[in-house]
Peer 1: 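So that we are looking at the same thing, I have put the structure below in structure tokens.
Order of listing sets the numbers, starting from 1, for every ligand and every atom in it. Numbers here are sequence positions counted from 1.
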Amino acid sequence: TGSITGGCPFAHGSGETRDLLGRTNRDWWPDSLDLSILTADGRSADPMDPGFDYAEAFNALDYKALKQDLTDLMTDSQPWWPADYGHYGPFFIRMAWHAAGTYRTGDGRGGASSGQQRFAPLNSWPDNGNLDKARRLLWPIKQKYGKHISWADLFILTGNVAIESMGGPTFGYGGGRKDVYEPETVYWGTEAEWVDTGAQTRIDEEGRALESPLAAIQMGLIYVNPEGPGGNPHDAEGMARDMRETFARMAMNDEETVALTAGGHAFGKCHGAQPSDTFGSGPEGESMQHLGFGWLTDPEEIEKGHITTSGIEGAWTPNPTQWGNDYFRLLFKYEYELTESPAGAKQWTPVNPEEADMAPDARDPSKKVPTIMTTADMALKRDPEYRKISERFLNDQAALDDAFARAWFKLCHRDMGPKVRYMGPEVPEETLIWQDPVPAGTQASDDAVSYFKAKVLDSDLTVAELVKAAWASASTYRNSDHRGGANGARIRLAPQKDWAVNDPEELAKVLSTLDGLRGNLSMADAIVLAGAAAIEKAAKDGGHDVSVKVTTGRGDAGEEHTDAESFEPLEPFADAFRNYLKTKADVKTEDMMVDRAHLLGLSIPEMTALIGGMRALGAVSTHAKHGNSIGVLTDRPGTLSNDFFVNLLEMGTVWDVVDESGDEEFVGRCRIHGDEKWRATRTDLVFGSNSQLRAIAESYAETGGEERMVRDFVRAWTKVMDADRFDLR
Ligand code: HEB
């Protein structure tokens, strides 16, 4: 279908260097209270007990009672924000979909899993307009069930209950989204204006690629501009392109996109009853007395239903609180003409609708008003591929039911990682390919493990090769959407096995040797065990007697368990740990190092110890010009030592940039004689140049530092190897 799933999450190709985080909350709201000094020194922002176990709390939840309370809430209209049609269901579906819809495959960030809709910037994104009210409607229920249900879980469960309470199909529910208490730092773009329809800064010149990893067309939108690309309702082709690309960024194909959009818009309405300049700004910038409410509207107007959110006005169907097929029925039954809402938004209205096909007024069911379609909805019949799917759904309600239920489940659970992380009585039995299933493994006996490790050390594989293979296997893990990692040994499968960062030929050799030695061990365990054996040997050669703990029990996934294409966004375009850079990006290479460390869940010392250790081991990717020596600042590669830090900080060396490298490569020469001693990259020298990283490098280079470094290295290494062992927790 020509959809674009990604590319380097940092290369926009603009040629300009940008900040890792783009425009941040501080840029948007310079006046809002800055709490960061209270967390800067490692103090936690989390009010729960240190040992708080959300899984335990969730499992003690009265799930049925909670669902009943949510069902009751749907029709318990509150005077301060009355329910359209007397039912909050549609509003809550939009809340849940916007919570989940920020997910993007490029870096796995965004999504519903930590309840970020409560915090800036998401709480104030224009596209999240008035969802502050939806969250406040839920507060009494959140308060009642307390620690047993997180906000993040509650958002999604409420969406499910909303669908079910209006007769819609659901596929299941998994809890397990633990709340956080501060905004996550996520790159949401660089633009300084919300939904700047004029700029289109995220699309390249051919109008094709959307800046990776972003999944929305403009700053402050969940996906696309409902009025059309850049607000142009006539650009049918561009509308479909924008939808296809943004939904692909969230791992949705055409069928899922159609099912979700049509299924979602079976419910509820758009709000554009008032001129759009009456739509104020989001909660984060509002005055204190509003207690976190934004988009303020006069209570009398609210009561009359005169609300502006998107600016579009009207419902899609005659039965906005009832699941059914009216959406497609109307879409195909009528010609639609371009009209304007009272707020001035471009929208589409059926020509000569029959009375029975008109919608009730949101406050007065005896009054009939025309239905609408947004330009995005129109794409479902104007785009030839979408149209085929829409026509199928028009004529096959059961197919729509199934497709919508499954796509909704995926939307809401895509960022939770493997199924073992789901909790609660409604976890579907069926395993889905996007859950990256891994067949269960078995624990290996101590004898089998030591026999295998001895044979590995006896083979002709080097320490560096073994360490690189284990790192390649485990380091795909992302803390953001809990994908990747060593379990499953997908490193043997496409696309991982062919990634340049993995030195494919060398990797193939290592894997085939390990395969020949492993006996009954899974490949996934064998790869990790071999890395551990290599590190123990390397430490011993350096005079350190350490043991690298490996917990076996990993399984091996096959091609049949793997959606290869969905793994493409996991490719590292830079991996500082192996001193690898595919192409120079728009953010600095050391920024990419920090980003990857963040996705691996590493602290600054853990990142530092790992990099210093892997350099000493010679575990760097094969560099075009310098083989595998770049950054390996030691005369004895393959020995675990603090040589990298010692030599980096050594005053007898002066460093200079290698001109043609575009300041990615440096040469270190003897200060007195000028002869070349080392080659290094930005992610090497940053440990000497950045004052904070230097302080850590010094602590590892000083007397007594090596022993601590080796210990820290082993601990951080094991953390990465076990990052995806949810089965152990
Ligand atoms: Fe939707 C609503 C657009 C998808 C669900 N949306 C809406 C609106 C708009 C839209 C504009 C209105 C808002 C206001 O209030 O004003 N969407 C859209 C677009 C897209 C979408 C453009 C892409 C294509 N949706 C979607 C999905 C879902 C949904 C996917 C789910 C599934 N929505 C929804 C709902 C609603 C909406 C339910 C209603 C809400 C209320 O009623 O409140």
Peer 1: Can you list the atoms of ligand 1 that are under 4.0 Å from a heavy atom of Met243?
Peer 2: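 Under 4.0 Å from Met243, ligand 1 has these atoms: 24 (C).
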Peer 1: Kindly compute the distance separating OG (Ser77) from NE2 (His87), expressed to the nearest 0.5 Å.
Peer 2: 11.5 Å
Peer 1: Considering only heavy atoms, does Phe92 approach ligand 1 within less than 4.0 Å through its side chain, its backbone, both, or neither?
Peer 2: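 Neither part.
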Peer 1: Hey, are Lys67 and Glu426 close enough for a salt bridge, meaning a charged N less than 4.0 Å from a carboxylate O?
Peer 2: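 Result for this pair is yes, salt bridge flagged.
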Peer 1: Do any N/O atoms on His271 end up under 3.5 angstrom from N/O atoms on ligand 1?
Peer 2: yes
Peer 1: Decide yes or no for Trp97 and Trp408: does some side-chain heavy atom of the first lie under 4.5 Å from some side-chain heavy atom of the second?
Peer 2: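 Contact flag for Trp97/Trp408 side chains = yes.
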Peer 1: Thinking salt bridges, do Asp84 and Lys269 make one under a 4.0 Å N-O criterion?
Peer 2: no
Peer 1: Can you name the atoms of ligand 1, numbered from 1 with element, that are less than 4.0 Å from a heavy atom of Ile93?
Peer 2: 38 (C)
Peer 1: Atom 1 (Fe) of ligand 1: which protein N, O or S atoms are under 2.8 Å away?
Peer 2: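 N, O, S partners closer than 2.8 Å: His265 NE2.
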Peer 1: Report yes or no: is the cationic atom of Lys133 (NZ for Lys, CZ for Arg) under 6.0 Å from the centre of the six-membered ring of Phe293, at an angle within 45° of the ring normal?
Peer 2: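 Here Lys133 passes the 6.0 Å and 45° test against Phe293.
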Peer 1: Within 45° of the six-membered ring axis of Trp28 and under 6.0 Å from that ring's centre, is NZ or CZ of Arg23 located there?
Peer 2: yes
Peer 1: Considering non-hydrogen atoms of the protein only, which is the closest contact for atom 9 (C) of ligand 1, and what is the distance?
Peer 2: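 Heavy-atom neighbour on the protein nearest atom 9 (C) of ligand 1: Cys270 SG, 4.1 Å.
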Peer 1: Give the numbers and elements of all ligand 1 atoms closer than 4.0 Å to a heavy atom of Phe247.
Peer 2: 23 (C), 24 (C)
Peer 1: Run the salt-bridge test on Asp254 and Arg244 with the 4.0 Å N-O cut-off and return the result as yes or no.
Peer 2: yes
Peer 1: Would you call Lys333-Glu354 a salt bridge at under 4.0 Å N-O?
Peer 2: yes
Peer 1: Consider ligand 1: state whether an atom of it lies below 4.0 angstrom from any non-hydrogen atom of Trp408.
Peer 2: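 Yes; Trp408 lies near enough to ligand 1 that a heavy-atom distance drops under 4.0 Å.
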Peer 1: How far is atom 40 (C) of ligand 1 from its nearest protein heavy atom, and which residue and atom is that?
Peer 2: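 Minimum-distance protein heavy atom for atom 40 (C) of ligand 1 reads Pro90 O, 3.6 Å.
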Peer 1: May I ask you to list the atoms of ligand 1 that are less than 4.0 angstrom from any heavy atom of Val224?
Peer 2: 22 (C)
Peer 1: Could you tell me the residue and atom name of the protein heavy atom closest to atom 32 (C) of ligand 1, and the distance to it rounded to 0.1 Å?
Peer 2: Leu260 O, 3.2 Å
Peer 1: In terms of residue, atom name and distance, what is the protein heavy atom nearest to atom 41 (C) of ligand 1?
Peer 2: Lys269 O, 3.5 Å
Peer 1: When you measure from the heavy atoms of Trp316 to every atom of ligand 1, does any distance fall below 4.0 Å?
Peer 2: yes
Peer 1: Please check whether Asp84 reaches ligand 1 - meaning an N/O of the residue sits under 3.5 Å from an N/O of the ligand, judged on distance alone.
Peer 2: no
Peer 1: Centre of Tyr103's six-membered ring, under 6.0 Å away, within 45 degrees of the axis: is that where NZ or CZ of Arg109 sits?
Peer 2: no
Peer 1: Salt bridge between Lys368 and Glu355, side-chain N to carboxylate O under 4.0 Å?
Peer 2: no
Peer 1: Thinking salt bridges, do Arg135 and Asp132 make one under a 4.0 Å N-O criterion?
Peer 2: no
Peer 1: Is it true that the side chains of Trp348 and Thr375 contain a donor and an acceptor less than 3.5 Å apart?
Peer 2: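 Yes, a side-chain donor-acceptor pair sits under 3.5 Å.
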